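The block underneath contains the structure these notes are about, expressed in structure tokens.
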There are 2 protein chains.
Amino acid sequence: MDFYKSEPKTLLAVDCIIFGFDGESLQILLIKRGLEPERNKWSLMGGFVQADESPEEAASHVLFKLTGLENVYMEQCGVFGNPNREKYGRVVSLTYFALIDTKQYTHIITDEYEAKWFPVNKHPTLIFDHLDMITVAKRALRTKAALYPILFELLPEKFTIPQISALYEAVYDTELDKRNFNRKLLSSDLLIKLNEKDKEHSKKGAFYYKLNMDLYKEKIMSFLRYLPSWSIEG
Amino acid sequence: MDFYKSEPKTLLAVDCIIFGFDGESLQILLIKRGLEPERNKWSLMGGFVQADESPEEAASHVLFKLTGLENVYMEQCGVFGNPNREKYGRVVSLTYFALIDTKQYTHIITDEYEAKWFPVNKHPTLIFDHLDMITVAKRALRTKAALYPILFELLPEKFTIPQISALYEAVYDTELDKRNFNRKLLSSDLLIKLNEKDKEHSKKGAFYYKLNMDLYKEKIMSFLRYLPSWSIEG
DNA sequence: CCAAAAGTGTTAATCCTACACCCATGT
DNA sequence: ACATGGGTGTAGGATTAACACTTTTGG
């Protein structure tokens, strides 16, 4: 039964690119390591895949350990496995991006590290190839969000249209025409207007909306039919 | 320096979903294993990641070993790592889809297995979770091809418009209106018409085209700007 | 001469884009 | 009363979708 015994084994890690949105800008959650190696340096939150868990589970555990959150939207988005990418031995790392509402995140579960939100384009130097990981994750987020409405995962249960708009502007680093954007948003039937306003961010107040969950789940899951659109430019 | 010595190591494999197009239907290249374990059963082509190579390199090596082809379009598209997915020990497998022109593939390099093209929806039972891998790869191919013109990787250097059309029909399992499709294709400026016809597949003959390589490379690389399109349905 | 596949144009509907003003409120 | 941000409508242009006939040529 030992067919594979001559094959090399490797350490397998997962690293999480945790995106959050605070209502204004897109952020990532980084940790300052309290343990060796690379103590006191900033990095992504990660961990090793254990013998009794799949990589997805490992990523969920990592996220739980840092945030206390479960059932978070996560997606595998990269593989980093250059033989020399870490100095302490060969580690192949799988990256996952996670989308969380920053308001949900209240405290760190362990004290092996400090954690802090940073604007996605303005964060301290990171260890190893973690910067590349973020770059790849940002790209994956944009690609996915172009086809599926996953960015709602970053918003609280009740949110306002100006918030969604700011979120899309942050993710795509662009400015949107609010009239066009609002129209498109509403015409998607994804939003249900509530009889309540957010008066915190403006005097007039913006109506809260919640997701049409049934439709949302359909659209999240939904599968491409046909769209040869070469029209996208760089 | 042995910070990680208490962490578990695992076998890391790569499995390749090799898509090919023969001018009519979308195919995948499968092998009938000549060696244990699972001898004489059909499976994807795969191999273990070696100590001196990255997973991408391992995937390229696997592909080379099977087809003799290098510089093939490949993309990582899945991670399969349930602790019990293989009976012979724990193996985490990274999947890559590859796109090749079946005409380029002439012979197998080793004799450890038999290899054969199968229609993508009509192939023998596969070992382990290889069927899931194909499902995921098909989805990834559709998603990617919806945004980038990667399907040209499946075509020979000279190809006809009816061929591209058939390819898109195969990938998206749909029928296309050739007038609309042709117009869109031509308006992309990706194609350069040649003064030569393929008379093999029809009496009238279809003009050959080749890719406008400069533009193609731009578009392949190009990065999403902004397209919140929730309009895609399942 | 006929079967089989290639190639081509027009119209109506839809969607996208650009653009500017009024509204509600807290200070 | 005014500053701040929320909310709305329209018109022109571009893109898409639906539609059928002619061309070429090998057999």
Side-chain angles (χ1 to χ4, degrees), chain A residues 22-25 146-147 149 155 158-170 172 174-210 219 224-233, chain B residues 22-25 146-147 149 155 158-170 172 174-210 219 224-233:
Chain A
D22 62 2
E24 286 176 22
S25 73
L147 296 172
L155 294 168
K158 294 186 306 187
F159 48 81
T160 67
I161 290 186
Q163 279 173 340
I164 310 176
S165 181
L167 173 54
Y168 273 86
E169 294 189 335
Y172 291 101
T174 186
E175 283 188 22
L176 299 177
D177 181 298
K178 60 181 172 168
R179 286 162 294 190
N180 294 334
F181 188 73
N182 290 15
R183 184 178 24 253
K184 189 159 184 176
L185 214 43
L186 273 323
S187 75
S188 74
D189 285 327
L190 276 174
L191 303 191
I192 298 169
K193 192 174 190 170
L194 303 180
N195 271 327
E196 199 185 342
K197 277 187 166 184
D198 164 34
K199 313 271 289 189
E200 213 178 310
H201 300 284
S202 74
K203 291 164 184 168
K204 181 174 177 181
F207 277 105
Y208 278 118
Y209 288 78
K210 63 173 183 167
K219 297 215 173 195
L224 291 169
R225 248 191 228 292
Y226 155 59
L227 59 157
S229 82
W230 295 287
S231 48
I232 299 146
E233 301 150 55
Chain B
D22 63 2
E24 285 177 22
S25 72
L147 296 171
L155 294 168
K158 294 187 304 186
F159 48 82
T160 67
I161 289 186
Q163 278 174 340
I164 311 176
S165 183
L167 174 55
Y168 273 86
E169 293 189 335
Y172 291 101
T174 187
E175 283 188 21
L176 299 176
D177 181 297
K178 59 180 174 169
R179 286 162 293 188
N180 293 334
F181 188 74
N182 289 16
R183 182 177 26 254
K184 190 160 183 174
L185 214 43
L186 273 323
S187 75
S188 74
D189 286 328
L190 276 175
L191 303 191
I192 298 169
K193 191 175 190 170
L194 304 179
N195 271 329
E196 197 184 343
K197 276 188 167 184
D198 164 33
K199 312 274 288 190
E200 212 177 310
H201 300 283
S202 73
K203 291 163 185 171
K204 182 174 177 182
F207 276 105
Y208 278 119
Y209 288 79
K210 64 173 183 167
K219 296 215 174 196
L224 291 169
R225 248 191 227 294
Y226 156 58
L227 58 158
S229 81
W230 295 287
S231 48
I232 300 147
E233 300 151 55

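Bear in mind the structure is a predicted one, so any value in this text is a computation, not a measurement. No hydrogens, no waters, no symmetry mates; every other heavy atom, side chains included, goes into these values. Residue numbers start from 1 in every chain, and the chains themselves are labelled A, B, ... in the order their sequence lines are given, proteins ahead of strands.
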DNA chain D contacts among residues 191-202 of chain B, heavy-atom distance under 4.0 Å: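 Within this stretch, B:K199 sit under 4.0 Å of the strand.
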Treating [X] as the side-chain partner and [Y] as the backbone partner, does any N or O pair qualify as donor plus acceptor under 3.5 Å?
X	Y	answer
A:Y172	A:A146	yes
B:N182	B:L185	no
B:E24	B:A166	no

[atom1] of [X] to [atom2] of [Y]: how many Å apart, nearest 0.5 Å?
X	Y	atom1	atom2	answer
B:Y209	B:I192	OH	CD1	11.5 Å
A:E169	A:F181	CD	CZ	8.0 Å
B:K158	B:T160	NZ	OG1	11.5 Å
A:D189	A:K219	CG	NZ	7.0 Å
B:I161	B:K193	CD1	NZ	7.5 Å

Please list, pair by pair, any protein nitrogen or oxygen found under 3.5 Å from a nitrogen or oxygen in nucleotides 10-13 of chain C.
none

5' priority, DNA chain D, between A:D177 and A:G205 [closest heavy atom]: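 The residue closer to the strand's 5' end, by nearest nucleotide, is A:G205.
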Nearest-nucleotide comparison on DNA chain D, the residue closer to the 5′ end among A:Y209 and B:R179: A:Y209
Among C:dA6, D:dA18, D:dG7, the nucleotide that comes nearest once only the side chain of A:P162 is considered: D:dG7
Whole Å only: how far is the [atom1] atom of [X] from the [atom2] atom of [N]?
X	N	atom1	atom2	answer
B:E175	D:dA18	CD	P	13 Å
A:K184	C:dC16	NZ	C1'	8 Å
A:L185	D:dT8	CG	P	12 Å
A:L176	C:dC16	CG	C1'	13 Å
A:I164	D:dG7	CD1	C1'	14 Å
B:L186	D:dT15	CG	P	15 Å
A:N182	D:dT10	CG	P	16 Å
A:E24	D:dG5	CD	P	10 Å

Base C:dA6 to side chain B:K204, donor-acceptor N/O within 3.5 Å cut-off: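 Yes, a donor-acceptor pair under 3.5 Å.
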Any donor-acceptor N/O pair under 3.5 Å between D:dT4 base and A:K203 side chain: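 Checked by distance alone, the answer is no.
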Minimum side-chain heavy-atom gap B:L191-B:F207 below 4.5 Å: no
